[in-house]
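Worksheet for the structure shown next.
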Amino acid sequence: MTVALLFGTLAVCLLIGVPIAISLGVSALVAIYFGSTLPLDIITQKAFTSLDSFPLLAIPFFMLAGILMGKGGVSQRLLNLATAMVGWMTGGLSMVTIVACMFFAAISGSGPATVAAIGGFMIPAMVARKYEGGFASAVAASAGSIGVIIPPSIPFVLYGVIGSVSVGSMFLAGIIPGILIGGGLMFTAYIISRKRGYKPEEAMPFRFKDVLKATNEAKWALLIPVIILGGIYGGVFSPTEAAVVAVVYSLVVGLFVYKELTWESVFECFREAVVINATTMIIIGLSVSFAYFMTLEQIPTDISDFLTDLSTNPIIILLAINILLLIVGMFIDTISALVVLTPILLPIVTAVGVDPIHFGVILVANLAIGFITPPLGVNLFVASSVGGVRFEKIAWAIVPFLISMFICLLVITFFPPLTLWLPGLMK
């Protein structure tokens, strides 16, 4: 009965449009009040104590660094570099969008932030060049999902904290899968662009000196992932300290190098980061309360027993988990899903021999697909907003890119060296 109360209340709240954080909190509240003898204040206790974590401080600082770099002139320079690299190809503007999103992902660590920063420039530019609006928005939305896979990734930080996995290793593990997904999206965009006759952005052929020039102009932005990963693996600072270094670096570059930040805009960046982080921390806290009550009711153990009874073959287990995660990603945001599902699924996969670092990438890659899958589809809504294109048009246009990401997900799932080679190299 208690389990029925917990998940029944959650389902009703989600169906009537209650925000996910409140839905999780209310579900735990109802289940505790009617189905247990626990005091109700356990919900607030668990929510607050879960946030008393030094590693979690990396999340607001990485958010702030991404916002500062996005408003400090970085986006345009990354776009210039991407244009020099791939603007000459068929469907050049779509290629530029994907490559620029991959670059910006290495700064922001957030999918929606990547779509807003790059899509705000590129969707109107593509529409002006006669690209179909749904396609233009779908390119930006799908490429933005790479923002949670290429480091620094906020979901990787959260997974590392919950699963007691090295955040630095998670960052390294996401590099090759992120590039793979970006390559898959570029191939899909190329096929569609060739079929529809979308011309290259640049009439002149590829010139290496243009790439060198654009790289030089964007060098301060490109140094951020080098500083973060190099500092972590060089033993200079922890992932949390790396996030603080990224904020200071972003301030210096925006204020004194590119000179596109003002003190007024810095204040706005801090305010925006505070608002976004407040929402994120509420979700994390109440998700932990929900997960704690699930643990008390031994729901993770029941799910584990069910999956292991189904099969002990890691391939079958991973296929079943992929299907579950893809469904969850359609309805629940990434942070809530990570907090609730990591304690349930991680022991299951480690018991059948799956590396925790490899599984972390699988988990986040599945939930990244949720960014572009209706009805949740956060990136689709962001792309619709910044591009002025109807959501329904984007939802249809996103299908080929979803298929591409599904194929990449299968490759990531069943070819572990893609994720484990770089972390192993640095040990």
Side-chain angles (χ1 to χ4, degrees), residues 55 58 105 109 145-146 148-184 225 228-229 232-233 235 238-239 242 291 300-301 303-326 328-329 334-335 337-370 405-427:
S145 63
I146 304 173
V148 296
I149 299 174
I150 292 180
S153 161
I154 291 171
F156 281 165
V157 173
L158 192 56
Y159 173 81
V161 172
I162 297 168
S164 299
V165 179
S166 166
V167 175
S169 295
M170 290 305 306
F171 282 177
L172 284 175
I175 294 175
I176 296 177
I179 294 171
L180 172 68
I181 293 172
I228 291 171
L229 294 176
I232 292 172
Y233 270 89
S238 69
T301 304
I303 295 174
S304 176
D305 291 343
F306 171 77
L307 286 175
T308 51
D309 288 344
L310 183 68
S311 175
T312 55
N313 186 326
I315 294 177
I316 302 299
I317 294 290
L318 286 175
L319 276 174
I321 288 175
N322 274 340
I323 293 170
L324 169 67
L325 291 173
L326 289 171
V328 167
T334 302
I335 291 173
L338 276 171
V339 174
V340 173
L341 294 177
T342 298
I344 297 174
L345 300 178
L346 187 56
I348 298 173
V349 296
T350 52
V352 295
V354 178
D355 190 283
I357 296 173
H358 179 213
F359 179 68
V361 176
I362 295 172
L363 178 58
V364 174
N366 270 284
L367 298 176
I369 294 176
M405 292 190 72
F406 287 149
I407 294 171
C408 291
L409 173 63
L410 291 175
V411 174
I412 292 167
T413 301
F414 299 113
F415 192 65
L418 278 176
T419 58
L420 299 179
W421 179 68
L422 276 178
L425 194 66
M426 298 301 294
K427 285 184 179 179

Query - Verdict with reasoning, L229 to I175, per side-chain contact (heavy atoms from CB on, under 4.5 Å) - result: CA-CA 11 Å; L229 294 176; I175 294 175; 3.8 Å; yes
Any heavy-atom pair between the side chains of [Y] and [X] that's under 4.5 Å?
X    : Y    : result
V361 : L418 : no
V148 : L367 : no
L172 : L425 : no

List the atom of [X], the atom of [Y], and the distance in Å for their closest heavy-atom pair.
X    : Y    : result
I149 : A365 : CD1-CA, 4.1 Å
P239 : A58  : O-CB, 4.2 Å
T342 : L338 : OG1-O, 2.7 Å
G174 : P151 : C-CD, 4.2 Å
S169 : P423 : O-CG, 3.6 Å
I232 : G168 : CG2-CA, 4.0 Å

Report task. Quickly, which of V354, L345, L363 forms a side-chain contact (heavy atoms from CB on, under 4.5 Å) with I321? Name it, please. Result ->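 Result: among V354, L345, L363, L345 is the only option passing the side-chain contact (heavy atoms from CB on, under 4.5 Å) with I321.
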Query raised in the report: Does anything in residues 358-367 pair up under side-chain hydrogen bond (donor to acceptor under 3.5 Å, both in side chains), and if so which pairs, sequence neighbours excluded?
Result: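 Found N322-N366.
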Requested in this report: Keeping to residues at least two apart or across chains, list the side-chain hydrogen bond (donor to acceptor under 3.5 Å, both in side chains) pairs with something in residues 309-320.
Outcome: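 Listed by first then second residue: nothing to list.
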So how far is it from [X] [atom1] to [Y] [atom2], rounded to the nearest 0.5 Å?
X    : Y    : atom1 : atom2 : result
L324 : L307 : CG    : CG    : 8.0 Å
L318 : I362 : CG    : CD1   : 5.0 Å
F171 : L422 : CZ    : CG    : 14.0 Å
I348 : T301 : CD1   : OG1   : 9.0 Å

Report task. Would you sort out whether T334 and V364 count as a side-chain contact (heavy atoms from CB on, under 4.5 Å), showing the intermediate values? Result -> CA-CA 8 Å; T334 302; V364 174; 5.6 Å; no
Query raised in the report: Within a radius of less than 6.0 Å around CZ of F306, do more than 12 heavy atoms belonging to other residues, nucleotides or ligands occur?
Result: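 No, not enclosed.
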Query raised in the report: Near I315 CD1, under 6.0 Å, is it more than 12 heavy atoms from other residues, nucleotides or ligands?
Result: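 Count not over threshold, so no.
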Donor-acceptor pairs under 3.5 Å, side chain of residues 156-165 to any protein atom, not counting sequence neighbours: which ones?
unit_1	atom_1	unit_2	atom_2	d
Y159	OH	P356	O	2.7

**Report entry** side-chain contact (heavy atoms from CB on, under 4.5 Å) between T350 and F359, worked out
**Finding:** CA-CA 9 Å; T350 52; F359 179 68; over 6 Å; no
Query - Criterion side-chain contact (heavy atoms from CB on, under 4.5 Å) on I412 and I181, from CA distance to verdict - result: CA-CA 9 Å; I412 292 167; I181 293 172; 4.1 Å; yes
